[in-house]
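See below for the structure under consideration.
Every number for a ligand or one of its atoms is a count from 1 in the order of the listing.
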Amino acid sequence: MEISIPKEALCLLKQLNDQGWEAYLVGGCVRDCVLGLTPDDWDITTSALPHQIKSALSGMRILDTGLKHGTVTAILDGKAFEITTYRRDGVYLDHRRPEQVSFTHSLKEDLARRDFTMNAMAYHPTYGIVDVFGGLDDLSHKTIRCVGIPAKRLQEDALRILRALRFASKLGFSIESTTAHAILKYKELLSVIAAERLQNELKKLLCGPYCATVFREFSGICFELFPEISPMLECQQNHPYHIYSVWEHTLHALEAIEPQLLLRLAMLFHDSGKPFTKTTDENGIDHFRGHAQHSVRVANNILHRLKFDRHTHEQTLKLIQYHDLPLTPTLPWVKRQLNRFGPETFLQLLSIHRADILAQHPSLKHRLAIVEQCRGLMEQILEQQQCFSLRHLAVNGHDLLSYGIPAGKQIGQILHQLLEAVIHGSCSNTKEDLLQYLCDHFQ
Ligand code: ATP
Ligand code: MG
């Protein structure tokens, strides 16, 4: 099988080979090429030690990105290529990292330390694919399988549990049964993994097209990471709007929403407060009043624990807080929301509404039309640059001062009232009309 390799990577392999070193492309790039996908990055593994790599590539820009682990990064035409010395990992004492790594001359040993068979293949343009652990066979059967004994490999580095799930979520592969058993058996070891590493894999897991399927099959892993949301699993919703439990509804909503991190995070947690607010009325109908606020609290804990950046954290909470904001498809209402949330967040809220509806009782599908109406109105407002915020208003504070309104709080209040008059349609957005409106209403 021939793989088309970027010329920069070919050049690196050739330079290393010319100095007598073995050098191969390895890991994710080989897997993705076999699958016909475009790799994110091209990693190289070589028999050369870091100083030997540097001398073979002298004249190129080389960064010491992980010398201890044998990794340097070559920058060619602005693209980064990681080059790592063949390595075997020492003993793992803490389920996270090997105590020490040692370099080796054996490509096979380097491949043996890798996580899954599909990630443990190397490629050289002359020798083709090196596949010692049956990666090609597993790829063709869409199977994720640990290299070696799963129980041992997952205990060495528990992050591999989450990596297996994220590859399943991205590729739609199934996890081979011994590997799957070990994943469930050793799930508690996830607690020793640093938040940053968890977060990194979790983001990719959440944004995969098969995320909901993976969470359904491995809900135990999801609840291991987020015990706060486990009550959703048993929380039934006896309500005419619903046909699913809260957890099953969440999975359907995750499936329906676009694969963007903020949307997926908000969807995963949007109803997590429901189990804490459930009441049942005299007719046996369940209600979840104020659940959005509880969901915000649950998500806040989790996002904090996983050390999400401030923007992701705050934005996710905002989407959860307003996920059930009642929609009114009129121009003034949409303008008020654009003023309140900004176009980007309002659009995200509409996406959340849409996914939420798609995961409810089919008889509610007609509500999708309301979401689309709001989206259409928003597009119209933005396209026609209609006024929805003080920034667009044809008068500002200075105009009011010149008009004779005394400086102070009142200026702001009047500006907001003028904006509301424009949004409402009772005054057009020209300086002349606004000052006339002011004269008529505020004297
Ligand atoms: P992606 O395309 O998402 O980057 P990838 O397979 O390249 O996927 P990386 O995290 O970039 O994933 O890792 C590169 C390679 O390093 C993997 O293909 C695998 O061979 C190896 N690897 C990474 N993390 C681990 C780990 N925790 N345990 C064992 N091998 C690992
Ligand atoms: Mg990679």
Side-chain angles (χ1 to χ4, degrees), residues 3 5-6 9 24-46 65-66 69-71 73 79-92 94-99 101 104 107-123 129-136 138-139 144-173 179 182-183 186 189-190 192-194 196-211 214 259 261:
I3 286 177
I5 306 172
Y24 292 83
L25 290 166
V26 72
C29 62
V30 180
R31 177 200 68 222
D32 287 346
C33 286
V34 173
L35 290 172
L37 305 172
T38 310
D40 290 332
D41 38 38
W42 300 82
D43 296 335
I44 291 172
T45 186
T46 176
T65 40
H69 299 103
T71 303
T73 300
K79 291 181 217 154
F81 296 87
E82 275 198 359
I83 308 171
T84 306
T85 307
Y86 291 167
R87 210 176 84 181
R88 73 170 87 78
D89 292 338
V91 282
Y92 287 76
D94 59 358
H95 312 294
R96 283 182 282 203
R97 295 201 187 281
E99 282 302 289
V101 300
T104 160
L107 172 61
K108 184 176 170 188
E109 274 189 309
D110 182 81
L111 296 177
R113 74 169 170 90
R114 295 174 183 273
D115 47 9
F116 307 112
T117 60
M118 64 178 187
N119 291 344
M121 295 186 288
Y123 177 79
I129 292 189
V130 181
D131 175 23
V132 191
F133 300 103
L136 281 176
D138 281 336
L139 273 187
I144 297 166
R145 182 196 308 270
C146 280
V147 173
I149 299 164
K152 178 166 172 279
R153 303 307 312 286
L154 300 184
Q155 285 181 85
E156 283 173 359
D157 178 3
L159 187 71
R160 291 171 189 156
I161 292 174
L162 215 49
R163 284 178 60 84
L165 266 54
R166 79 113 144 144
F167 287 116
S169 167
K170 181 180 174 196
L171 300 169
F173 283 19
T179 301
I183 282 176
Y186 295 105
L189 297 181
L190 281 169
V192 303
I193 303 296
E196 292 81 356
R197 291 181 86 207
L198 288 177
Q199 191 205 105
N200 192 32
E201 294 297 335
L202 188 70
K203 284 184 195 165
K204 296 181 185 174
L205 198 176
L206 275 171
C207 292
Y210 301 94
C211 165
V214 171
L261 181 65

*asked:* So, of the N/O/S atoms that D41 has, which is the nearest one to the Mg ion (ligand 2)?
replied: OD1

Hey, are [Y] and [X] close enough side-chain-wise for a donor-acceptor pair under 3.5 Å?
{"X": "T73", "Y": "E82", "answer": "no"}
{"X": "T84", "Y": "T71", "answer": "yes"}
{"X": "N119", "Y": "R114", "answer": "no"}

*Considering only heavy atoms, does F167 approach ligand 1 within less than 4.0 Å through its side chain, its backbone, both, or neither?*
side chain

*Report the part of R113 (side chain from C-beta onward, or backbone N, CA, C, O) that has a heavy atom under 4.0 Å from ligand 1; answer both or neither where that applies.*
backbone

*Indicate yes or no for a side-chain donor-acceptor contact from R145 to the backbone of D138 under 3.5 Å, with no hydrogens or angles considered.*
no

*Is the number of heavy atoms from other residues, nucleotides or ligands under 6.0 Å of R97 CZ greater than 12?*
no

*F173, CZ: over 12 other non-hydrogen atoms inside 6.0 angstrom*: yes

Who gets closest to [atom] by heavy atom: [options]?
{"atom": "atom 4 (O) of ligand 1", "options": "D41, D157, L154", "answer": "D41"}
{"atom": "atom 3 (O) of ligand 1", "options": "R97, R31, R166, E82", "answer": "R166"}
{"atom": "atom 15 (C) of ligand 1", "options": "E201, E156, R114", "answer": "R114"}

Among protein heavy atoms, which sits nearest to [atom], and what does the distance come to when rounded to 0.1 Å?
{"atom": "atom 23 (C) of ligand 1", "result": "R163 NH2, 3.2 Å"}
{"atom": "atom 28 (N) of ligand 1", "result": "R160 NE, 2.7 Å"}
{"atom": "atom 20 (O) of ligand 1", "result": "N119 O, 2.9 Å"}
{"atom": "atom 29 (C) of ligand 1", "result": "D115 N, 3.2 Å"}

*Would you check if I183 and L165 make a side-chain contact, meaning some heavy-atom pair closer than 4.5 Å?*
yes

_Are the side chains of T46 and Y24 in contact, using a 4.5 Å heavy-atom criterion?_
no

*Distance-only N or O hit between ligand 1 and R153, under 3.5 Å*: no

*Say whether D43, considering both its backbone and side-chain N or O atoms, lies within less than 3.5 Å of an N or O atom on ligand 1.*
no

_Check ion pair D40-K204 (N to O, under 4.0 angstrom)_ = no

*Element-labelled atoms of ligand 1 that are located less than 4.0 Å from some non-hydrogen atom of G28*: 5 (P), 6 (O), 7 (O), 18 (O)

*Could you list which atoms of ligand 1 come closer than 4.0 Å to a heavy atom of G27?*
18 (O)

